[in-house]
Amino acid sequence: MSSTAPAAVAAPKKARAAKKATPSKDAAPKAKRGESQRYKYSELNKASLTSGEAQHIYGVIIDATFPYKTNQDRYICSLKIVDPSLYIKSQKGTGDSSDFATVVLYAKRFEDLPIITRLGDIIRVHRATLRLYNGQRQFNANIFYNSSWAVFPQEGAGHGGASHSGKNYSFEKSEDATLANIRKWAQGYFQQYNVVSSDLYVPLAKAAGQKSDFDVVAKVNQVFELDEYTNELRLRDGSGAQTWNVLALKLKFPNVHAGDVVRIRSATYDETSTQKKVLLLSHYSNILTVPANSKLAKEVKAKAGDEKLDKAAINGVNATVLTEVDKKHAGLPVHSLLDLFHNIETDKEIQSKDTFRTQFYVTKIESADVKEWTKSYDKKTKKGASFKGQKGNANAIYQVQFLVKDVSTQFNSNTYKVLLYTHDGLGANFFNTPADNLYTNDKAAKKLQEYSGLLTKFNSWVDAVVERRNGFYFIKDTKIAF
Amino acid sequence: MSKPAAQQSAFKQLFTEMLTQGGDFSKVNKDLKRPLKTYVKESYPFFLVTDGYFFVQAYFTKEAVAEFRSKFNNVNITDLHDRVIVLNSWSLEIRKVNSAETFTSYGNLEIRLIVNSFKPNLNERLNPTRYPINLFRDDELKTQIQQFRWNAINAAAGKAKSEIPDLARVQTASKGKVEGIVKIGSSKGDDFAEFSFKEGTTATLSLKDIFVQEKGKDASPAKDTTAVPKVKGGAKGKGKAAQKSAEKKAAGVSKSAEKVLKYTPSKSVAKKETPQKGAAGKQSAKKSVGGKKATPAMPSPGGKKSIKTTDQMSMNQFKKYLDWHEAKKGGKTIGKRSTTGKASTASGKASKRSKK
DNA sequence: GGGTTTTGGGG
């Protein structure tokens, strides 16, 4: 959970027993004894189109598909890369746009291909053949034969964070400079250029008009856990008022976070979604994070803006989180109700903590009568008394119980108590109105009645920090956001 | 403010209404219950039909299979992939399943398309549509199912009895015990099961059995993909009744209302003779007769792999194998049942789509 | 290769 060097490339899955692992044929070209450099890397725009010889290259990744299966024994990963010799093309009228070479990696197994998660990562390919395909320089590499690849995160130094194909990974001393140089260049490139020019994606406002698939560059405004397998990404790019939804499998895209700017390689407009705006992904679709400090990310973030919570929009169509947590808990790890109420029985880690961030929906609020949500609390006797028939609001506190449920407990027949008891001050601001005698304060009662209704609606969610005291969970540092 | 936005997908509209009607098919709008013209995306090991947007699994009753066998003796159900079929009598029912095992379900609920009577439109080709996706992975349908579950959970929670711990109690040390688990509903197991809908019970044939009937016991990928029956789908009175009423309703329909077509975007209204792009491509690749001998170079699928037995073929290879095999035999449009072995069609010429 | 598998909620 530490935010050190961003994992640039997902580690390849452990090889499975089935198909034989790719033969490790990365043994360097017959280097003459004493020769220090066995691989010579070609600049993308200078690599020979005519030699037909296998060539070695370094490039900065600006796009990539997810590794996908095409038939029984073939997987492909296709990417766009740039380097100082090939990154921009002048266009009359429309201005400059990205230029790039494509790399097509072929493999027998999913595990033999790279999973690219960030723009700006560096890829090295050995023994690729270059040809012109649709006017583009295309490097083809048969990983299933004797080609190989290695991916280095843009962040960081050296080749320590590399992931690679095969078992015979090598990194020569002379490459230190090669890698450092291209990293440095990429750094500047991402800060001065948009990297992916506007002809390489479509503004969300024009998504509905697309006839086939297209790419997107947008800010992830929210990552909502739809179910145990799926996140629903809420995207905005400032091209329209709409927020777009994309279902992204947790396993496939584990590194997408709220606030990120991402590039989606291949999405289609969903004509069948009539309640909300939805984009569809395919098995070859990929979601790549755009470096936060890049020019492009900054611009998109500035344009996208936040979607304000609108009471009228709490209609069940879109899952809505009604609360907000104090920023001081931004780094607090999230735990499910399963952790809080069940796994705690055996999990020492959970037992050792008492404060958690958690998300749930409310099936029932008690007391049923909103006017009884507050009590007059006697600290000495530790008793609360109803305000019914009473005047004044002496020692008013909230004493409310939520019966809640979440994704991790969706199939069981339990509901869980989460308390909003403010006798010690915890959660005192949850309802945005101080505890009061609700038999006399009609305005407050009315407001709470409205909250009660909205909190218990279908698809209303609470994102909260809870603290365990004496075996009970109490809400704190959380409040309704409207 | 918000536009009506008609639902273009027949399946999505139907399945959604099934959910909003509490799982009661009899309450689903009658206008939606006309015959469905569907494209068979896959016919084995899963029989998946599409409406141009989504695919769902089709479940055949034994009556449906018996009728099909008698009327289309020369056609195998498990060879129907890439063909058009019309579901003349069908119904929907909800089943409790394990969604970890049944990919055509969500939230442990499966809405099944039960087929009582259907026929193939062997020479009909549909226009290309978007790549059909699993309806149970659709954002809005998932949400609909979540709502369906929420309704039940909410009702049960409303009845649940729970105490609000008093202020003294929550300030008393609790010997490490965690407080607050409240059971709702009266189900015996751990799973929530307090649903009010009546679960479907219509008995259907497993596709594997159908496959074995058609190809013989050792034809090859005789996988049983029957979704690990939690409760065996026994034929019950209710199921029959629903089935019958469905049949009755569809009985008078002779004009073959093309429900799906109604939802086909105008630009791509199905034209009978227009070959599908993709399909055409496949066909030609396979068709390319070298033009020399009578039974010339029709490349066998699998190419260099030289497959001898069907035992370890992938489904894809297997499908191609079947197509190729049939084409070579000539005549039979779609695989003939292995058991009833008279390959009629005297011509023996290289295949063409047979007329029905 | 700007694509479509099944592992049928990475593929």
Side-chain angles (χ1 to χ4, degrees), chain A residues 10-13 16 18-19 63-80 100-117 128-142 200-202 210 212-215 225-232 247-256 264-268 280-287, chain B residues 41-42 44-48 55-57 99-107 128-139 142 221 223 225 227 278 314-319:
Chain A
K13 201 185 273 184
R16 293 176 192 167
K19 289 179 183 172
D63 186 31
T65 65
F66 196 78
Y68 62 99
K69 192 170 191 174
T70 60
N71 65 47
Q72 275 327 286
D73 41 42
R74 192 62 85 235
Y75 291 83
I76 293 175
C77 180
S78 170
L79 27 184
K80 293 184 176 70
F100 52 84
T102 60
V103 172
V104 185
L105 271 17
Y106 297 91
K108 275 197 184 111
R109 306 184 313 161
F110 177 71
E111 297 79 6
D112 295 331
L113 292 172
I115 292 173
I116 308 301
T117 62
T129 55
L130 174 62
R131 57 167 291 192
L132 225 43
Y133 181 75
N134 291 162
Q136 285 276 352
R137 293 173 86 88
Q138 180 185 73
F139 292 90
N140 291 287
N142 293 325
L200 294 180
Y201 60 93
V202 165
Q210 299 300 307
S212 56
D213 79 303
F214 53 91
D215 302 338
E225 182 181 27
L226 186 67
D227 54 54
E228 64 232 282
Y229 306 101
T230 323
N231 284 324
E232 182 178 60
L247 297 192
L249 292 174
K250 294 178 184 177
L251 183 58
K252 183 174 181 182
F253 304 115
N255 305 326
V256 185
I264 296 183
R265 163 61 184 262
S266 193
T268 52
L280 268 18
L281 300 184
S282 298
H283 70 143
Y284 44 76
S285 296
N286 198 7
I287 301 179
Chain B
K41 178 174 184 281
E42 296 171 33
Y44 197 77
F46 295 100
F47 201 96
L48 307 177
F55 69 73
V56 299
Q57 217 174 333
S99 288
E101 297 166 341
T102 305
F103 73 99
T104 49
S105 72
Y106 181 66
T129 63
R130 81 174 190 189
Y131 191 79
I133 56 178
N134 186 346
L135 180 53
F136 291 88
R137 296 292 174 267
D138 174 71
D139 190 325
K142 280 187 172 188
K223 296 182 179 176
T225 55
S314 68
M315 275 318 300
N316 221 310
Q317 289 171 132
F318 182 66
K319 283 178 190 170

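Computed from a prediction, not measured in an experiment: that's the story for all the values here. Basis for what follows: all heavy atoms, side chains included, without hydrogens, waters or symmetry-related copies. Residue numbers begin at 1 in each chain, while the letters A, B, ... track the order of the sequences.
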Trainee: When all nucleic acid strands are considered with a 4.0 Å heavy-atom cut-off, which category describes Tyr106(B): base, sugar-phosphate, or nothing?
Mentor: base

Trainee: Determine the contact category for Gln72(A): base if any of its heavy atoms lies under 4.0 Å from a base atom, sugar-phosphate if only primed atoms, P, OP1 or OP2 are that close, otherwise nothing.
Mentor: sugar-phosphate

Trainee: Closer to the 5' end of DNA chain C via nearest nucleotide, is it Asp215(A) or Thr70(A)?
Mentor: Asp215(A)

Trainee: For Ser212(A), report the nucleic acid contact type (base, sugar-phosphate, nothing); a contact means any heavy atom under 4.0 Å.
Mentor: nothing

Trainee: Can you tell me the distance, in whole Å, between the CD1 atom of Ile264(A) and the P atom of dG2(C)?
Mentor: 18 Å

Trainee: Please report, rounded to the nearest Å, how far the P atom of dT7(C) is from the CZ atom of Phe110(A).
Mentor: 14 Å

Trainee: I'd like to know whether the aromatic ring centres of Phe55(B) and Phe46(B) sit less than 6.0 Å apart in this structure.
Mentor: no

Trainee: Of all the choices, dG1(C), dG11(C), dG2(C), which nucleotide is nearest to the side chain of Gln138(A) once you look at every atom?
Mentor: dG1(C)

Trainee: Which part of the nucleic acid does Thr65(A) contact within heavy-atom distance under 4.0 Å: base, sugar-phosphate only, or nothing?
Mentor: base

Trainee: Using atom types as modelled and distance alone, determine if a side-chain donor or acceptor of Asn134(A) lies under 3.5 Å from a backbone N or O of Gln136(A).
Mentor: no

Trainee: Mind checking if Asn134(A) touches a base, just sugar-phosphate, or nothing, with heavy atoms under 4.0 Å?
Mentor: nothing

Trainee: Does Gly107(B) offer a backbone N or O that forms a donor-acceptor pair with the side chain of Lys142(B) under 3.5 Å?
Mentor: no

Trainee: Can you measure Asp139(B) atom CG to dG9(C) atom C1' for me and round it to whole angstrom units?
Mentor: 14 Å

Trainee: Contact class for Phe253(A) vs. all strands (heavy atom < 4.0 Å): base, sugar-phosphate, or nothing?
Mentor: nothing

Trainee: Stacking between dG3(C) and Tyr284(A), yes or no? Criterion: centroid separation under 5.5 angstrom, plane angle under 30 degrees.
Mentor: yes

Trainee: Could one point to a donor on the side chain of Arg265(A) or the base of dG3(C) with an acceptor on the other under 3.5 Å away?
Mentor: yes

Trainee: For the side chain to side chain contact (heavy atoms under 4.5 Å, CB included) test, which of Leu113(A), Ile287(A), Asn286(A), Thr117(A) pairs with Phe66(A)?
Mentor: Asn286(A)

Trainee: Counting distance alone, no hydrogens or angles: does the base of dG8(C) have a donor or acceptor under 3.5 Å from a partner atom on the side chain of Glu42(B)?
Mentor: yes

Trainee: Let's test your reading of the model: under 3.5 Å, does the base of dT7(C) pair with the side chain of Tyr229(A) as donor and acceptor?
Mentor: no

Trainee: Using the six-membered ring for Trp and the full ring for Phe, Tyr or His, decide whether Tyr68(A) stacks on the six-membered base ring of dT4(C) (centres under 5.5 Å, planes under 30°).
Mentor: no

Trainee: Classify Leu105(A) by what it touches in the nucleic acid, base, sugar-phosphate, or nothing, heavy-atom distance under 4.0 Å.
Mentor: nothing

Trainee: Do Tyr106(B) and Asp227(A) meet the criterion of a side-chain donor-acceptor pair at a distance under 3.5 Å?
Mentor: yes

Trainee: Give the rounded distance in Å between these two atoms: NZ of Lys80(A) and P of dG3(C).
Mentor: 11 Å

Trainee: For a quick check of understanding: with a heavy-atom distance under 4.0 Å over all strands, which category does Leu249(A) fall into, base, sugar-phosphate or nothing?
Mentor: base

Trainee: What nucleic acid atoms does Asn134(B) come within less than 4.0 Å of, heavy atoms only: base, sugar-phosphate, or nothing?
Mentor: nothing

Trainee: Is the aromatic ring centre of His283(A) closer than 5.5 Å to the centre of the six-membered base ring of dT5(C), with the two planes inclined by less than 30°?
Mentor: yes

Trainee: Heavy atoms under 4.0 Å, any strand shown: does Asp63(A) hit a base, just sugar-phosphate, or nothing?
Mentor: base

Trainee: Does Ser78(A) make a side-chain N or O approach to OP1 or OP2 of dG2(C) shorter than 4.0 Å?
Mentor: yes

Trainee: Quick one: do Ser105(B) and Ser99(B) satisfy side-chain hydrogen bond (donor to acceptor under 3.5 Å, both in side chains)? Show the steps, please.
Mentor: CA-CA 6 Å; Ser105(B) 72; Ser99(B) 288; 2.8 Å; yes

Trainee: Given the structure, check if the side chain of Asn140(A) and the base of dG1(C) hold any donor-acceptor pair shorter than 3.5 Å.
Mentor: no

Trainee: Say we look at dT7(C) and dG3(C): how far apart would their P atoms be, to the nearest angstrom?
Mentor: 25 Å

Trainee: What nucleotide, of dG1(C), dG9(C), dT5(C), holds the atom closest to the side chain of Tyr131(B)?
Mentor: dT5(C)

Trainee: For His283(A), does its backbone N or O pair with a side-chain atom of Lys69(A) as donor and acceptor, under 3.5 Å?
Mentor: no

Trainee: Counting any heavy atom closer than 4.0 Å, what does Arg74(A) reach on the DNA or RNA strands: base, sugar-phosphate only, or nothing?
Mentor: nothing

Trainee: Kindly point out which of dG1(C), dT6(C), dT7(C) is positioned nearest to the side chain of Val104(A)?
Mentor: dG1(C)

Trainee: From C-beta outward on Pro254(A), which listed nucleotide comes closest to its side chain: dG10(C), dG2(C), dT4(C)?
Mentor: dG10(C)

Trainee: Under 4.0 Å, counting only non-hydrogen atoms across every strand here, what does Ser285(A) touch: a base, just sugar-phosphate, or nothing?
Mentor: nothing

Trainee: Has Lys252(A) got a side-chain N or O lying under 4.0 Å from the OP1 or OP2 atom of dG9(C)?
Mentor: no

Trainee: Select one nucleotide: of dG11(C), dG8(C), dG9(C), the one nearest the side-chain heavy atoms of Lys69(A).
Mentor: dG11(C)

Trainee: Should Gln57(B) be listed as having a side-chain N or O under 4.0 Å from OP1 or OP2 of dG8(C)?
Mentor: no

Trainee: For residues Thr230(A) and Leu249(A), determine if any side-chain heavy atom of one lies less than 4.5 Å from a side-chain heavy atom of the other.
Mentor: yes

Trainee: Planes under 30° and centres closer than 5.5 Å, is that true for Phe66(A) with the base of dG11(C)?
Mentor: no

